[in-house]
S.K.: 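My questions all concern the structure below.
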2 protein chains.
Amino acid sequence: MSDNSKYFNSAISVNCVVFTYVEEKLKILLIRREFEPFKGLLALPGGLIYPNEDLQQAVSHIIESITGNKNVYKKQLQAFTDTKRHPSGRVVSIAYLALVNHQKAILKDSSFAISPDWFNILEKPQLVFDHDSIAETALQHLQSEIRNKPIIFELLDEKFTLPQLQTLYETILNISLDKRNFRRKLAYLDFIEDTEEMQKNPLYRPAKLYVFNKEKYNEFCEKGMVFSL
Amino acid sequence: MSDNSKYFNSAISVNCVVFTYVEEKLKILLIRREFEPFKGLLALPGGLIYPNEDLQQAVSHIIESITGNKNVYKKQLQAFTDTKRHPSGRVVSIAYLALVNHQKAILKDSSFAISPDWFNILEKPQLVFDHDSIAETALQHLQSEIRNKPIIFELLDEKFTLPQLQTLYETILNISLDKRNFRRKLAYLDFIEDTEEMQKNPLYRPAKLYVFNKEKYNEFCEKGMVFSL
DNA sequence: ACAAAAGTGTTGACATTACACCCATGC
DNA sequence: GCATGGGTGTAATGTCAACACTTTTGT
C-alpha cells in the first residue's frame with residue numbers, strides 16, 4: 001500500500017435499473033448510448049463517477065435528468081466487477097434499483113441518455129456490456145423485495161384501488177392471486193387506508209380508493225410486525 | 001467520457017467478513033492493520049485490488065492466506081462507497097461474506113494481516129473505517145440467508161449431530177428453538193442424511209451423526225421446493 | 001336489462017406451536 | 001445408580017388455499 005498509484009486507476013460507474021408500471025405492464029427504462037463503446041445501442045442508464053462524487057446523488061441526478069422524478073425510491077443492489085466487463089479499462093459498476101411513478105415521469109434526452117424509453121420487461125431487448133445480467137438481478141430483487149416491504153406503492157398513484165394493487169403484484173411476480181385471499185390479507189394491515197373516495201369515471205362499477213400511510217407502516221414495524229404477501 | 005483520466009483514478013478494495021463457529025459461539029475474523037492509516041488497529045481482512053484482478057479470486061486468496069482454507073463459501077454483499085470512508089482517496093470497498101469451518105482454519109500472519117484472530121460476534125470491538133457497518137450488514141445477511149439456504153453446513157464439520165445443528169441456528173439467529181419441532185421439520189428434508197454413525201466419546205449419551213447431501217439438495221430444489229427454517 | 005368488474009365468507013387441509021417423559025451412555 | 005444430554009408424539013391453534021355468488025355502475 002506504500003505506492004498508491006498502482007491501485008488508484010480504476011473507474012467506478014453506476015447503473016440504474018428503473019422500473020415503472022403502466023398499461024398493466026412492468027417496464028424498464030433503457031437508453032441509447034451516446035458515446036463509444038457501443039454508441040447507439042440499448043443500455044441501462046448510468047455513468048462514470050467522479051472520485052469525489054456520492055453514488056446515491058449520482059443515481060438521483062441521472063434519474064431526475066431522464067425522467068424528471070425527484071426523490072425516487074432507490075436501493076443499491078450489488079457491484080458488477082468482471083475484469084473484462086468494460087473495454088476501456090477496469091470499470092466496476094454499482095447497480096441500483098429504482099422505482100418511479102409513470103404519471104410523474106416525462107422522459108427526455110439529457111447528457112446521460114439519448115432516446116430514453118420504457119420497455120416491457122417481458123420483451124426486454126439485448127443490452128450492452130453486462131447490462132442484461134444487471135437487469136435480471138434487479139428484477140429478481142424487486143420480486144423478492146415486494147413480498148415483505150411496501151415498496152410496491154412507489155409504482156402506483158397516491159390513491160389506488162385494491163384491484164390495481166392486486167394486478168400489480170400479479171404482474172411483477174408473474175403469478176395469479178385469489179382476490180378474496182388477497183383482500184383478507186390486506187384487511188389486517190392498517191397502513192393501507194380506505195379513503196372513503198371512489199374511482200372516477202371507470203367503465204363499470206367504481207372501486208374504493210386507498211392510500212399507503214407510511215407513518216402507520218412505521219408504527220406497524222415498531223410493534224415488531226412484518227407483513228408478507 | 002472523452003477524457004478518461006478524470007474517471008480512472010479511484011481504487012477498489014475488498015473486505016471479507018469471515019465467520020466461523022467454535023465453542024458454541026459465532027466468531028468473526030479480525031486482523032490488526034499492518035500499514036497506515038490506522039496501523040495496529042482492528043479491521044476486517046481485505047485489501048486493495050489491482051486493475052486486472054478478479055475480486056472473487058482476491059477474496060479467496062486473502063482468506064486462504066490467513067486461514068489456510070480453500071474453496072470457502074463466499075458471497076458478495078454490497079459496495080460501501082462513502083466518499084470519505086478512506087482517508088487516502090476514493091476507495092470503494094466491495095464487501096464479501098465468507099464462512100469457514102473452524103477445525104480446518106489455522107490462523108497465521110500474512111502479507112494481508114498481522115495477528116488475525118477470532119472474536120465472538122457478541123463482543124465485537126470497534127473497527128476502523130466503516131468496518132463496523134460492513135460487519136453488521138454481513139451478520140444481518142447471514143441471519144436472513146440461513147433461513148432459506150443450506151449455507152449453515154459450511155460452519156459445521158462434515159458429520160454433525162442434530163443438537164449441534166440446532167444450537168448453531170440458535171446461536172446465529174439469537175433465538176431458541178423447540179427441539180421436537182426443529183427435528184420434525186428436518187425429518188422432511190431428505191438432503192440431511194442419517195449416517196448410521198454415532199458421535200465418538202461425548203461426555204454423555206452420544207448423538208447420531210448426519211451429513212448434508214448437496215446432490216439431494218439440488219434435486220430438492222429442482223422439484224421447486226424451498227426449505228425454510 | 002345487460003355487460004363488466006367490484007366486493008364479500010366458509011370450509012378443509014396443512015403448518016405451527018406448546019408441552020413432558022423415557023433412553024442411552026460415561027462416570 | 002446417577003447425572004447429563006439425546007431422542008420421541010399428540011392435541012390445539014393458526015394460517016393458507018380453494019371456491020361462487022351478489023352488488024354496483026355505465027351504457
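In what follows, every chain begins at residue 1, and chains take the letters A, B, ... in the order their sequences are listed.
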S.K.: Using whole Å, report how far CG of Leu162(B) lies from P of dG5(D).
M.R.: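 In whole Å, dG5(D) P lies 17 Å from Leu162(B) CG.
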S.K.: Under the rule for salt bridge (Lys or Arg N to Asp or Glu O under 4.0 Å), what residues qualify as partners of Lys70(B), not counting sequence neighbours?
M.R.: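 So Lys70(B) forms a salt bridge (Lys or Arg N to Asp or Glu O under 4.0 Å) with Glu64(B).
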S.K.: Whole Å only: how far is the CG atom of Leu203(B) from the C1' atom of dC2(D)?
M.R.: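 In whole Å, dC2(D) C1' lies 15 Å from Leu203(B) CG.
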S.K.: Could you give the NZ-to-P distance, from Lys185(B) to dG9(D), as a whole number of Å?
M.R.: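 Result: 19 Å.
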S.K.: Could you state the CG-P distance from Asp178(B) to dA15(C), rounded to the nearest angstrom?
M.R.: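 The distance from CG of Asp178(B) to P of dA15(C) comes to 17 Å, rounded to the nearest Å.
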S.K.: Nearest-Å distance, CD (Glu170(B)) to C1' (dG5(D))?
M.R.: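 For the pair Glu170(B) CD and dG5(D) C1', the rounded distance is 14 Å.
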S.K.: Is there a residue in residues 220-229 of chain A whose heavy atoms reach under 4.0 Å of DNA chain D, and which residues are they?
M.R.: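 Here the set is empty: none.
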S.K.: Kindly write out the residues that satisfy side-chain hydrogen bond (donor to acceptor under 3.5 Å, both in side chains) with Glu197(B), not counting sequence neighbours, or none if the list is empty.
M.R.: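 Testing Glu197(B) for side-chain hydrogen bond (donor to acceptor under 3.5 Å, both in side chains), a comparison that skips the adjacent residues, returns Lys159(B).
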S.K.: Taking atom P of dT25(D) as reference, at what distance in whole Å does atom NZ of Lys208(A) sit?
M.R.: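 Taking NZ of Lys208(A) and P of dT25(D), I get 12 Å after rounding.
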S.K.: Show which side-chain atoms of residues 74-81 of chain A pair as donor or acceptor with protein atoms under 3.5 Å away, not counting sequence neighbours.
M.R.:
residue, atom, partner, partner atom, Å
Lys74(A), NZ, Ser60(A), OG, 2.9
Lys75(A), NZ, Glu145(A), OE2, 3.3
Gln76(A), OE1, Ala79(B), N, 2.8
Gln76(A), NE2, Ala79(B), O, 2.9

S.K.: Mind checking what makes side-chain hydrogen bond (donor to acceptor under 3.5 Å, both in side chains) contact with Gln103(B), not counting sequence neighbours?
M.R.: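 Per chain and number, Gln103(B) pairs via side-chain hydrogen bond (donor to acceptor under 3.5 Å, both in side chains) with Asp157(B).
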S.K.: Select one nucleotide: of dA18(C), dG7(D), dA17(D), the one nearest the side-chain heavy atoms of Asn181(B).
M.R.: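 Nucleotide nearest to Asn181(B)'s side chain: dA18(C).
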S.K.: Is it the case that more than 12 heavy atoms not belonging to Lys104(A) sit under 6.0 Å from its NZ atom?
M.R.: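 Result for NZ/Lys104(A): open.
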S.K.: Can you sort out the partners of Asn174(A) under side-chain hydrogen bond (donor to acceptor under 3.5 Å, both in side chains), two or more places apart, ordered by chain and number?
M.R.: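 Applying side-chain hydrogen bond (donor to acceptor under 3.5 Å, both in side chains) to Asn174(A) gives none.
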S.K.: Show each protein N/O and nucleotides 21-23 of chain D N/O combination with a separation under 3.5 Å, one pair to a line.
M.R.:
residue, atom, partner, partner atom, Å
dT23(D), O2, Arg205(A), NH1, 2.4

S.K.: Any residue in residues 186-199 of chain A with a heavy atom nearer than 4.0 angstrom to DNA chain D? Just list them by number, or reply none.
M.R.: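 DNA chain D contact set from residues 186-199 of chain A: none.
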S.K.: What is the separation between atom CZ on Arg183(B) and atom P on dT17(C), rounded to the nearest whole Å?
M.R.: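 Distance, rounded to whole Å: 18 Å.
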S.K.: Going by salt bridge (Lys or Arg N to Asp or Glu O under 4.0 Å), name the residues that satisfy it together with Arg32(A), two or more places apart in sequence or in a different chain.
M.R.: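 For Arg32(A), no residue satisfies salt bridge (Lys or Arg N to Asp or Glu O under 4.0 Å) once neighbours in sequence are set aside.
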S.K.: Between Leu177(A) (CG) and dA17(D) (P), how many Å, whole number?
M.R.: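 That distance rounds to 10 Å.
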S.K.: Tell me every residue that passes salt bridge (Lys or Arg N to Asp or Glu O under 4.0 Å) with Glu34(B), counting only those two or more places apart in sequence or in another chain.
M.R.: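 Listed in chain order: nothing, the list is empty.
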S.K.: Below 3.5 Å, can you tabulate the donor-acceptor pairs from side chains in residues 205-217 of chain A to any protein atom, sequence neighbours excluded?
M.R.:
residue, atom, partner, partner atom, Å
Lys208(A), NZ, Asp194(A), OD2, 3.4
Asn213(A), OD1, Glu215(A), N, 3.0
Asn213(A), OD1, Lys216(A), N, 2.9
Asn213(A), ND2, Glu193(A), OE1, 3.3
Asn213(A), ND2, Glu193(A), OE2, 3.2
Lys216(A), NZ, Glu193(A), OE2, 2.8

S.K.: Please report the interatomic distance CD(Glu154(B)) to OG1(Thr20(B)), rounded to the nearest 0.5 Å.
M.R.: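 OG1 of Thr20(B) is found 11.0 Å from CD of Glu154(B).
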S.K.: Closest approach to the side chain of Tyr204(B), judged atom by atom: which nucleotide of dG7(C), dA3(D), dG7(D) is it?
M.R.: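 Of the options given, the side chain of Tyr204(B) lies nearest dA3(D).
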S.K.: Between Arg180(B) and Arg184(B), which residue's closest nucleotide on DNA chain C lies nearer the 5′ terminus?
M.R.: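 Its nearest nucleotide being more 5', the pick is Arg184(B).
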S.K.: Holding to side-chain hydrogen bond (donor to acceptor under 3.5 Å, both in side chains), I want the full list of residues that pass it with Arg180(A), two or more places apart in sequence or in another chain.
M.R.: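 side-chain hydrogen bond (donor to acceptor under 3.5 Å, both in side chains) check on Arg180(A) returns nothing, list empty.
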